[in-house]
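Take a look at the structure set out below.
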Amino acid sequence: MELPKEYDHNTLEEKWMNTWQDSMYYFDWDSNKPQFIIDTPPPYPTGNFHIGNALNWCYIDFVARYKRMRGFNVMFPEGWDCHGLPTEVKVEEKHGITKSQVSREEFRRMCVELTETNITRMRKSLRRLGFSIDWSNEYITMEPAYFGKTQRSFVQMHDCGMIYQQNHPVNWCPRCETAIAFAEVEYDSRSTHLNYLNFDKLKIATTRPELLAACVAVAVNPDDERYGDYVNTEVKVPVFGHNVRVIADKNVDPTFGTGVVMICTFGDKQDVRWWVEHSLPLRKAIDKTGKMTELAGKYKGMGTTECKKAIISDMKESGLLYKQEDLPQNVGLCWRCKTAIEILSERQWFVKIKQEDILNTANEVTWIPDYMKVRLENWTGTMEWDWCISRQRIFATPIPAWYCSDCGKTKVAKEEWLPLDPTQTQPPESCECGSSQFRGEEDVLDTWMDSSISALHVSGWLSDHPLLLPAQLRPQGYDIIRTWSFYTILRSKALLDKRPWDTILLNGMVLGEDGHKMSKSRDNFVIPEEVIVKHGADAFRQWAAIGGTTGSDIIFLWKDVVAGSRFLQKMWSIVRFSLPHISDKPASFTPIDLWLISKLNRLVKETTEKMDAYQFDETFKAIRGFAWDILADNYIELAKSRLYGEDGEGKQAAQYTLFVAIETISKLLAPFLPYFSEEIYSHIKQESIHLQSWPDVNESRIDAGAESTGEMIKEITSAIRRYKAEHGMPLNASLKEIEIYSTITDASDIAGASNSTIRLRPGTPDFELVPREIKPNMKVLGKTYRNKAKSIAEALVNADMKLSDIGSITIQVEDEEITLDLSCFTIEKERLLKGKAVDILEAGNSTIVIMR
RNA sequence: GGGCUCGUGGUCUAGCCGGUUAUGACACCGCUCUCACACAGCGGAGGUCCGGAGUUCGAAUCUCCGCGGGCCCA
């Protein structure tokens with residue numbers, strides 16, 4: 001059966017997608033094979049699979065398919081990280097409500113419904129991209145099966161003292177009305193005013209006069225001579241009239257403003273540090289919604305911006321404010337809604353961070369690229385307080401705890417009660433005080449509490465299966481090192497005292513064609529589906545493989561995808577030509593066959609090493625280079641005359657060589673091009689290529705001798721081809737006669753490829769050998785002669801070339817006589833003809849004489 | 001402000017534990033419709049490897065300084 005001329009990616013990819021069975025990729029919990037569990041990132045179910053996710057998944061799939069072919073028991077699970085604000089916002093939009101208008105249950109139900117729709121859509125994208133996902137290991141964090149584990153992890157960590165409740169300053173988003181973790185704070189530079197105030201006896205400068213009501217102290221630098229007398233005295237806060245102490249602290253910058261700062265609870269993180277250090281009282285001037293409290297007197301009920309405006313105008317009027325300056329400022333924002341955060345002291349749940357544990361565990365993991373580990377280390381070193389895990393939201397894992405209505409004591413659930421929602425269920429036992437009236441905790445868990453046990457979940461934690469932690473691989477983007485990597489390491493260590501994975505593989509970000517991060521506003525946004533429709537999943541996957549080195553940012557370029565589809569077409573043509581000519585019956589190889597087989601084994605060796613090192617770009621480029629250059633442009637051209645010729649040993653050898661090459665290449669391509677490789681393999685064998693083994697290297701077939709002989713034949717042939725091109729002849733033109741002076745013993749393929757009669761001649765032709773140039777070998781000279789190497793090289797170039805006949809050259813350098821043997825230089829020779837009507841070509845250590 | 005990272009022909013990119021004619025793709029210019037492929041083949045032009053200093057016999061590759069991008073953060 002002849003293949004169609006063009007490779008039709010649309011039809012064939014759809015065909016294979018619908019043919020493949022999910023069970024091909026199931027992880028076998030009872031297998032004897034070595035395990036390879038991949039702790040894949042659970043995407044947020046927005047409904048659209050982003051191109052950055054797609055890159056990440058391509059890397060994962062390359063690894064998963066490769067490892068499977070290498071005999072590993074691979075788990076490529078698919079998780080969905082459902083909880084969080086974006087879905088809550090979408091649901092409010094979709095139903096035209098705010099979450100307070102419906103019951104918690106009803107709101108949660110709406111969120112679940114939207115998430116399910118989105119997951120269904122995204123599953124389709126995943127399938128279409130050809131990912132070998134193990135759907136028997138899918139997990140959905142909003143389902144009881146998963147969030148029950150999240151709750152159990154909470155209870156376990158609470159019971160061993162890793163989770164506690166405390167009044168503590170937290171980053172607070174007044175718009176979302178929730179606490180957020182440091183990892184959720186984003187920074188942006190804005191400009192503000194520095195206001196100079198008459199502050200009792202002192203003058204202070206502040207950017208936040210609206211926090212005057214929350215002022216609990218005034219600080220100066222202990223070495224600042226201007227203010228030494230004031231330290232430990234009291235001053236009266238203007239407008240509000242309460243007295244505060246003047247304290248000395250070396251962290252006050254005497255050159256900033258007036259050198260006097262007011263400490264408020266809380267204006268920024270520095271205030272928190274001072275507050276703790278000097279045991280200052282707490283004055284809450286801002287409430288959870290970002291409004292001023294009664295402490296603010298007449299400003300009560302105003303928003304912070306409004307209050308700031310009002311208080312400034314009042315103080316200007318009364319002369320308290322005497323100067324204003326512009327000041328650039330970095331403001332902390334809520335990463336979801338970009339509202340400026342406040343620091344409020346609230347009762348929250350925290351997870352203890354043990355920096356040592358995290359750093360030690362991070363050291364047990366192999367980081368690829370290794371320098372990415374530094375990011376985790378730096379982040380760990382800058383943590384100022386524990387991880388705040390409570391959120392004031394609805395669509396999230398409920399915190400399994402209650403408060404006794406009588407004594408107020410907190411009751412945390414027992415593991416066997418879980419999963420549950422404390423706002424819907426009462427605890428099955430009464431409080432220590434005897435009361436059985438409880439109020440369920442309404443706070444919910446940070447979504448990172450869900451996803452940071454993904455490694456544990458997929459490895460069989462709290463299941464009927466054996467625990468297989470650590471997983472082998474964690475693939476993820478470097479942008480979430482400080483969150484997902486950090487929290488996973490923390491939790492794995494805390495819950496099981498183990499590292500979560502052996503290796504973490506970081507991928508870069510996908511940039512748009514203009515080199516900037518993709519965003520809808522920049523109009524450089526591309527979605528994977530768009531690429532698939534135009535060029536197919538395999539072409540897209542090629543872009544992922546060769547667009548850049550693993551770990552670096554990668555620009556999405558359409559031309560890379562186009563180049564990918566061209567390679568598919570080229571490879572298709574190769575297979576289309578080969579199919580009628582292949583045979584799996586071995587025969588005795590000719591020199592050019594041996595050359596190809598040697599190169600092929602070298603390719604297998606190289607690609608195996610590179611895949612083991614996760615160097616997808618290099619692997620794929622090596623395969624493509626082999627197929628295009630070595631196989632198509634050279635081997636096939638050279639073997640054609642045998643393939644088209646009469647039956648016999650030579651023909652059979654070419655048929656077999658071609659078979660081996662096609663079969664091997666299709667297997668090497670399988671991890672990258674699942675559809676294409678399956679299609680071509682289906683024309684050779686009846687089984688799926690994705691159930692085959694990765695090719696073995698046959699070391700005995702890697703033969704430098706065979707390669708150099710083949711290289712000579714190749715060089716000679718292309719020299720003849722070039723000769724024809726330069727003389728304006730068609731490449732299939734027949735030349736009168738060609739004489740080749742060479743060490744090769746078989747010129748039949750050359751004859752075939754050049755369509756001419758070839759006469760092989762031994763030894764040196766009847767020409768004069770004239771040395772033309774001496775080329776010094778700096779590698780040898782440098783090592784041997786060090787600082788003299790330069791002058792020796794100069795002398796060599798100018799030496800009398802006839803001297804080299806005896807195999808060495810003696811030269812004078814700086815009054816010293818040095819004899820250099822053949823390892824130190826090479827002689828370029830020119831062959832001159834003795835008056836014959838011929839053209840001479842030099843190629844592959846041979847002389848080609850073409851009769852005119 | 002700090003950390004990490006990158007800066008290679010027109011564009012993108014490999015090489016970067018020192019010694020290669022500096023890799024490949026796209027674009028460009030010739031020639032060829034050759035029996036798998038014109039989404040091709042063959043040939044060609046095009047690079048002070050960001051700038052400067054240093055280490056070295058020798059640096060795209062190592063060190064330092066500077067300039068310029070990117071990312072993460074304060």
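A note on names: the letters A, B, ... follow the listed sequences, proteins ahead of strands, and every chain is numbered from 1.
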Output side-chain donor-acceptor pairs under 3.5 Å for residues 532-544 of chain A, partner residues at least two apart or in another chain, one line each.
residue, atom, partner, partner atom, Å
A/D538, OD2, A/F676, N, 2.7
A/R541, NE, A/F672, O, 2.8
A/R541, NH1, A/D61, OD2, 2.9
A/R541, NH1, A/L129, O, 2.9
A/R541, NH1, A/G130, O, 3.2
A/R541, NH2, A/D61, OD2, 2.6
A/R541, NH2, A/P671, O, 2.9
A/Q542, NE2, A/G564, O, 2.8
A/W543, NE1, A/I555, O, 3.1

Q | A/Q569 side chain to A/K5 backbone, donor-acceptor under 3.5 Å | A | yes

Q) Are any side-chain N or O atoms of A/W572 and backbone N or O atoms of A/L3, one a donor and one an acceptor, separated by less than 3.5 Å? A) no

Q. Of A/Q569 and A/L631, whose nearest nucleotide on RNA chain B comes first from the 5' end?
A. A/L631

Q.
I want to confirm an ordering. Mapping A/R576 and A/V562 to their closest nucleotides on RNA chain B, which one lands closer to the 5' end?
A. A/R576

Q | Qualifying residues under side chain to side chain donor-acceptor pair (under 3.5 Å), relative to A/T608, sequence neighbours excluded | A | A/W694

Q. Quick one: side chain to side chain donor-acceptor pair (under 3.5 Å) partners of A/E663, sequence neighbours excluded?
A. A/K685

Q: Taking only the side-chain nitrogens and oxygens of A/W628, find out if one of them lies under 4.0 Å from OP1 or OP2 of B/G41.
A: yes

Q: Please check the phosphate of B/C37 (OP1 and OP2 only) for any side-chain N or O of A/R566 closer than 4.0 Å.
A: no

Q: May I ask you to check whether A/R474 and A/S485 show a side-chain donor-acceptor distance below 3.5 Å?
A: no

For [N] versus [M], give the span between their [atom1] atoms, rounded off to a whole number of Å.
N	M	atom1	answer
B/G24	B/C42	P	13 Å
B/A60	B/U34	C1'	41 Å
B/C29	B/A45	C1'	7 Å
B/C6	B/G44	P	34 Å
B/G9	B/U5	C1'	24 Å
B/G19	B/C12	C1'	28 Å
B/C28	B/U11	P	15 Å
B/C65	B/A25	P	39 Å

Using a 3.5 Å cut-off and no angle test, enumerate the donor-acceptor pairs between side-chain atoms of residues 631-640 of chain A and protein atoms at least two apart in sequence or in another chain.
residue, atom, partner, partner atom, Å
A/N634, ND2, A/D629, O, 3.0
A/Y635, OH, A/D593, OD1, 2.6
A/E637, OE2, A/K640, NZ, 3.4

(Q) From the set B/C37, B/C39, B/A25, return the single nucleotide nearest to any side-chain atom of A/E6. (A) B/C39

Q: Write down the distance between CD1 (A/I720) and C1' (B/G43), rounded to a whole number of angstrom.
A: 17 Å

Q | Nearest-angstrom distance from the residue atom CG of A/L55 to C1' of B/C71 | A | 15 Å

Q.
Taking salt bridge (Lys or Arg N to Asp or Glu O under 4.0 Å) as the definition, give me every residue that meets it alongside A/D647, ordered by chain and number, with sequence neighbours left out.
A. A/K651

Please work out if [X] contacts a base, only the sugar-phosphate, or nothing of the nucleic acid, heavy-atom cut-off 4.0 Å.
X	value
A/Q542	nothing
A/K640	base
A/Y478	sugar-phosphate

**Q.** B/C4: pairing nucleotide in any strand, Watson-Crick or G-U under 3.5 angstrom
**A.** B/G70

Q) What string of B, S and - do you get for nucleotides 2-14 of chain B, 5' to 3', if B is base contact, S is sugar-phosphate-only contact and - is no contact with any protein heavy atom under 4.0 Å? A) -SBS-----BSSS

